[in-house]
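These notes are about the structure you will find just below.
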Amino acid sequence: MKIATWNVNSIRTRLPHLQAWLTASKPDVALLQELKCTAEEFPIAALQGAGYEATVLGQKTWNGVAILTRQDAPKPQLTADHLNLPDNPLDARYIEGQVGDWRFASVYVPNGQSLDSEKFSYKLRFLKALEERLCTLMASELPVVVGGDFNIAPAADDVYAPSRFGDDVLYALPVRQAWRRLINQGWIDGLRLQHPHQQLFTWWDYRGNAWPAGHGCRIDHLLLSPTAANRLRAAGVDSDQRALEQPSDHAPVWVELA
DNA sequence: ATGGTAGGCTCCCTA
């Protein structure tokens, strides 16, 4: 079973790449972020043509998350479409569904903009609400995969120049501490477990020639519950997606589970 | 230290 996560940065703009990637990569489950469209605008027919069904949480202009599953598999039963955040429940940033014994979630954590901004405190509040939801999922003892754009580079190996990232919203101490609180619940970082020493990036800024310069960060993750992690056989990043014309600034990340 | 590009949408915001 292959599970992937990909921040597509507009599913309508990225549709040709997404279709080709689904056909070539054949994930059983694809967790998508930054759809930037409503559920009505979601290009469902094109994805059905590629052999997939979609469970969509859309929003005009911003955010938007989805769970793609193969047409020959049952569609997920929706188990959550938001986190318990009293102040900003309208952002389409979290969707979760059950397929058989398995639970899958697609999450798009706020970027945070800058450390002194209101958006950064929102990011920390969102991560707190995510921590609470993941605690419930961990206690369920189900096999769970939580994938998404966490907007967190967990460690120095996960940014191209750690000395420049001390007060970056992707790497600042409170953000790495929030990551640590998730991991300490017992979640396994699938890509890092499979590649303990290799520097692997999943996002390269559109600005500043970041892709050709190799200036990336690892901010997209697949968190595995213990029973899911026991089945981990392979993991990787489809970084060739970032080299295409009109790419997303993120590359797909995947795990293969026995 | 600053600004760079992309996407969606509207004279600008988010990333």
Side-chain angles (χ1 to χ4, degrees), chain A residues 5-19 21 31-43 46 56-66 83 85 87-94 106-127 130 147-154 158-172 174-176 178-179 201-221 237-253:
Chain A
T5 181
W6 192 10
N7 178 325
V8 294
N9 187 17
S10 170
I11 195 168
R12 288 175 291 178
T13 297
R14 219 64 60 208
L15 188 57
H17 291 337
L18 177 60
Q19 289 173 297
W21 173 78
L31 307 165
L32 304 182
Q33 303 86 36
E34 276 213 88
L35 307 177
K36 292 187 171 177
C37 72
T38 62
E40 293 73 29
E41 296 165 323
F42 188 90
V56 178
L57 182 66
Q59 178 182 337
K60 185 177 163 62
T61 308
W62 307 120
N63 311 316
V65 287
L83 296 172
L85 260 168
D87 51 318
N88 207 335
L90 298 179
D91 274 9
R93 293 180 177 273
Y94 185 84
S106 178
V107 60
Y108 177 42
V109 175
N111 169 282
Q113 195 171 66
S114 64
L115 296 192
D116 56 358
S117 70
E118 167 56 29
K119 292 191 179 68
F120 189 73
S121 64
Y122 174 44
K123 178 178 192 171
L124 296 181
R125 292 197 306 279
F126 184 96
L127 286 167
L130 182 63
D149 176 0
F150 285 72
N151 271 311
I152 300 174
D158 299 318
V159 297
Y160 71 90
S163 61
R164 294 191 204 175
F165 273 78
D167 54 5
D168 192 287
V169 289
L170 304 178
Y171 187 72
V175 170
R176 282 180 289 125
W179 173 263
F201 297 146
T202 67
W203 169 80
W204 297 260
D205 203 317
Y206 285 125
R207 300 165 290 189
N209 222 27
W211 166 251
H215 290 177
C217 296
R218 191 175 72 95
I219 58 175
D220 302 270
H221 308 293
V237 183
D238 292 338
S239 49
D240 53 334
Q241 283 297 321
R242 187 60 178 83
L244 301 177
E245 288 293 310
Q246 268 206 309
S248 169
D249 45 350
H250 297 252
V253 181

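A, B, ... follow the sequence lines: proteins, then strands. Residue 1 opens every chain. Bear in mind the structure is a predicted one, so any value in this text is a computation, not a measurement.
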**Message:** Categorize A:R14 for me: base, sugar-phosphate, or nothing, with a 4.0 angstrom heavy-atom threshold over every strand shown.
**Reply:** sugar-phosphate
**Message:** Need one value for A:R242: base, sugar-phosphate or nothing, where a base atom within 4.0 Å counts as base even if backbone is also close, heavy atoms only.
**Reply:** nothing
**pair A:P154-A:H221: side-chain heavy atoms closer than 4.5 Å** = yes
**Message:** Taking the side chain as everything from C-beta on, heavy atoms only, tell me whether A:C217 gets closer than 4.5 Å to A:T202.
**Reply:** no
**Complete:** Applying side-chain hydrogen bond (donor to acceptor under 3.5 Å, both in side chains) to A:R93 and not counting sequence neighbours gives A:N63, A:D91
**Complete:** Sorted by chain and residue number, the side-chain hydrogen bond (donor to acceptor under 3.5 Å, both in side chains) partners of A:K36 (sequence neighbours excluded) come out as A:N9
**Prompt:** Roughly how far apart, to the nearest Å, are B:dC9 and B:dT14 at atom C1'?
**Reply:** 12 Å
**Prompt:** Taking atom C1' in both B:dC12 and B:dA1, what distance in whole Å separates the two?
**Reply:** 24 Å
**Request:** Please tell me which of A:S10 and A:G112 maps to the more 5' nucleotide of DNA chain B, matching each residue to the nucleotide holding its nearest heavy atom.
**Result:** A:S10
**Request:** Find which nucleotide of DNA chain B each of A:N209 and A:N111 is nearest to by heavy atoms, and output the residue with the more 5' nucleotide.
**Result:** A:N209
**Item:** 5' to 3' contact window, DNA chain B with chain A (heavy-atom distance under 4.0 Å)
**Value:** B:dG4 to B:dA15
**Request:** Write down the atom of A:R242, the atom of A:D205, and the distance for their closest heavy-atom approach.
**Result:** NH2-O, 3.3 Å
**Request:** Applying side chain to side chain donor-acceptor pair (under 3.5 Å), run through A:D249 and A:W204 and close with a yes or a no.
**Result:** CA-CA 6 Å; A:D249 45 350; A:W204 297 260; over 6 Å; no
